[in-house]
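Every heavy atom of this structure was used, including side-chain atoms; hydrogens, water molecules and symmetry mates were not. All ligand and atom numbering here is 1-based and tracks the order in the structure.
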Amino acid sequence: MTGGSSLVRQLLAGQQRAAARMITLIEDGDPAVDPLLAEIFPRTGRAVVVGVTGPPGAGKSTLVEGMVRSWRQRGRTVGVLAVDPSSPFTGGAVLGDRIRMASLTRDPGVYVRSMASRAHLGGLAEATPAAVRVLDAMGLDVVVIETVGVGQNEVAVAHSADCTVLVTMPGTGDGIQAMKAGLLEIGDVFIVNKADRDGSLRTQRELNAMLRLQERTPRPAVLLTKADVGEGVDHAVEEIEKFLADRRDTGRLEERRLRHLQREVLEQIGAQVRRQTMAALDTAIIAELSDALRERRMDPVTVAARALALAATQQVGKVT
Ligand SMILES: Nc1nc2c(ncn2[C@@H]2O[C@H](COP(=O)(O)OP(=O)(O)OP(=O)(O)O)[C@@H](O)[C@H]2O)c(=O)[nH]1
Ligand SMILES: [Mg+2]
């Protein structure tokens, strides 16, 4: 594993090329990355992780670009991970982001990377925290994860972030609607972008009203921004910093991070058992179990139990 370790050494020295290679391995679901991730883990936990999510076209990338500038002015180095659940089938959005963020990438204190999963959506849930740790280990002060809020993605991002920023825009109805469906809980800072448009104050009022119904202290801020002209972006970064400082001082940041790690372990147990079980069963047994399902002789719960039991004996057989 000398090759692997030298990759880790390069990463810890802050080399962007090493980060790029490791994230590609993560995207591909290549198990060769697992020992590397294990090796860097003790060197992580230093960066603050900010998740930015919201409906398509709300202005997330524009906002992130402005926030990166603001953090740079404060002397912080920043990594941006644009997580795209729609790729590899489309990928147009990511390309757009790359072009838009191109102005940032000339700054050596900024590293922008988009990530898609070759596998299913569940792959991204596994890949996101791993990729965040790569950026953390390379020594960046702030890691921003941008992802479009569709389905369960935003929740997956919230499970990696120290602070989750929910971005919406006026006049979508959609924006508020989406937030009603359990999304409100995951937001730590709310942003109504495109404040130059009609209805932004109303959207802000509605969000504030919904947040008042929850009993959170302190109550999350709802900010107005015009990201395309940079208005309100510095203030948004200040609110994020304020939130993080408060969480750090009260010990809640550390608690949240531990909760996230524990959740990841539980997810890993599920994923690893599934992988090991399927790998242990030979094709004849899988075909037999499929027949039993098709002919409705065994229900899925029974098949699963049988598969686990058979895999266990096969694994014993392999070892002895
Ligand atoms: N009027 C107005 N337009 C904005 C503002 N901020 C961003 N935009 C524009 O909105 C469009 C979408 O912006 P993006 O930053 O790509 O939005 P996004 O949320 O990252 O989009 P996806 O990643 O595709 O979901 C772009 O044309 C931006 O120029 C704003 O404050 N006001
Ligand atoms: Mg975007």
Side-chain angles (χ1 to χ4, degrees), residues 49-71 78-105 110-117 121 124 128 131-132 135 142-158 160-161 164-179 181 183 186-187 189-204 207 221-237 239-240:
V49 183
V50 178
V52 176
T53 189
K60 298 177 293 297
S61 298
T62 315
L63 201 60
V64 167
E65 191 173 356
M67 294 195 310
V68 170
R69 279 183 216 293
S70 180
W71 268 306
V78 194
V80 178
L81 192 65
V83 177
D84 187 355
S86 59
S87 284
F89 309 108
T90 60
V94 167
L95 193 62
D97 284 345
R98 275 206 191 123
I99 292 163
R100 216 170 297 122
M101 299 225 186
S103 63
L104 293 174
T105 57
V110 177
Y111 178 62
V112 180
R113 165 73 194 225
S114 46
M115 187 176 69
S117 176
L121 197 61
L124 272 181
T128 303
V132 166
L135 299 188
V142 182
V143 175
V144 182
I145 317 167
E146 181 199 329
T147 196
V148 60
V150 290
Q152 283 300 297
N153 277 301
E154 58 272 85
V155 180
V157 163
S160 282
T164 300
V165 179
L166 283 191
V167 184
T168 187
M169 57 180 172
T172 44
D174 205 42
I176 296 282
Q177 223 43 53
M179 289 199 180
L183 254 189
I186 68 161
V189 173
F190 290 77
I191 293 181
V192 180
N193 187 43
K194 307 199 183 183
D196 50 301
R197 291 198 182 165
D198 286 346
S200 55
L201 287 170
R202 208 185 105 209
T203 303
Q204 185 188 37
L207 277 172
V222 182
L223 311 172
L224 294 170
T225 57
K226 299 175 191 168
D228 60 342
V229 293
E231 236 180 272
V233 178
D234 275 328
H235 185 214
V237 168
E239 278 299 329
I240 293 166

For this session: Within a distance under 4.0 Å of any heavy atom of Val148, pick out the atoms of ligand 1 and give their elements.
Result: 25 (O)
Exercise. Going from CE on Met115 to CG on Leu81, what distance comes out if it is rounded to the nearest 0.5 angstrom?
Worked result: 4.5 Å
Exercise. So, Thr62 and Asp228: side-chain donor and acceptor under 3.5 Å apart, yes or no?
Worked result: no
Exercise. What are the two closest heavy atoms between Leu224 and Ala195, and how far apart are they?
Worked result: CB-CB, 4.0 Å
Exercise. If you measure from atom 30 (C) of ligand 1 to every heavy atom of Val167, Asp228, Val233, which option wins on shortest distance?
Worked result: Asp228
Seminar exercise, completed: Candidates Leu224, Thr62, Asp196; heavy atom nearest atom 13 (O) of ligand 1 found on Thr62
Exercise. Got an N, O or S from Ser61 under 2.8 Å of the Mg ion (ligand 2)?
Worked result: yes
Exercise. With only distance considered, is Gly57 within less than 3.5 Å of ligand 1 through an N or O on each side?
Worked result: yes
Problem set entry | Residue Lys226 vicinity, atoms of ligand 1 by number, heavy atom under 4.0 Å | 31 (O)
Exercise. What heavy-atom pair brings Thr225 and Val233 nearest, and what distance separates the two atoms?
Worked result: CG2-N, 4.4 Å
Problem set entry | Sub-3.5 Å N/O-N/O distance, Pro56 and ligand 1 | no
For this session: Please confirm whether the backbone N or O of Gly54 pairs with a side-chain atom of Lys60, one donor and one acceptor, at under 3.5 Å?
Result: yes
Seminar exercise, completed: Between Thr128 and Ser160 the two heavy atoms that sit nearest each other are CG2-OG, 4.0 Å
For this session: Find all atoms of ligand 1 within a distance of less than 4.0 Å from any non-hydrogen atom belonging to Ser61, and give their numbers and elements.
Result: 15 (O), 18 (P), 20 (O)
For this session: May I ask you to check whether Ala227 has an N/O atom sitting below 3.5 Å from an N/O atom of ligand 1?
Result: yes
Exercise. For ligand 1, which atoms have a heavy atom of Glu146 less than 4.0 angstrom away?
Worked result: 20 (O), 23 (O)
Exercise. For ligand 1, which part of Asn193 has a heavy atom less than 4.0 Å away: the side chain, the backbone, both, or neither?
Worked result: side chain
Exercise. Mind checking whether Gly59 has an N or O less than 3.5 Å away from an N or O of ligand 1?
Worked result: yes
Problem set entry | For the Mg ion (ligand 2): the N/O/S atom of Glu146 at shortest distance | OE2
For this session: Using atom types as modelled and distance alone, determine if a side-chain donor or acceptor of Thr53 lies under 3.5 Å from a backbone N or O of Thr147.
Result: yes
For this session: Report yes if the side chains of Arg202 and Pro170 come closer than 4.5 Å at any heavy-atom pair, otherwise no.
Result: no
For this session: Kindly compute the distance separating CG (Leu63) from CD1 (Ile191), expressed to the nearest 0.5 Å.
Result: 4.5 Å
Exercise. Looking only at non-hydrogen atoms, which of Met169, Lys194, Glu231 approaches atom 8 (N) of ligand 1 most closely?
Worked result: Lys194
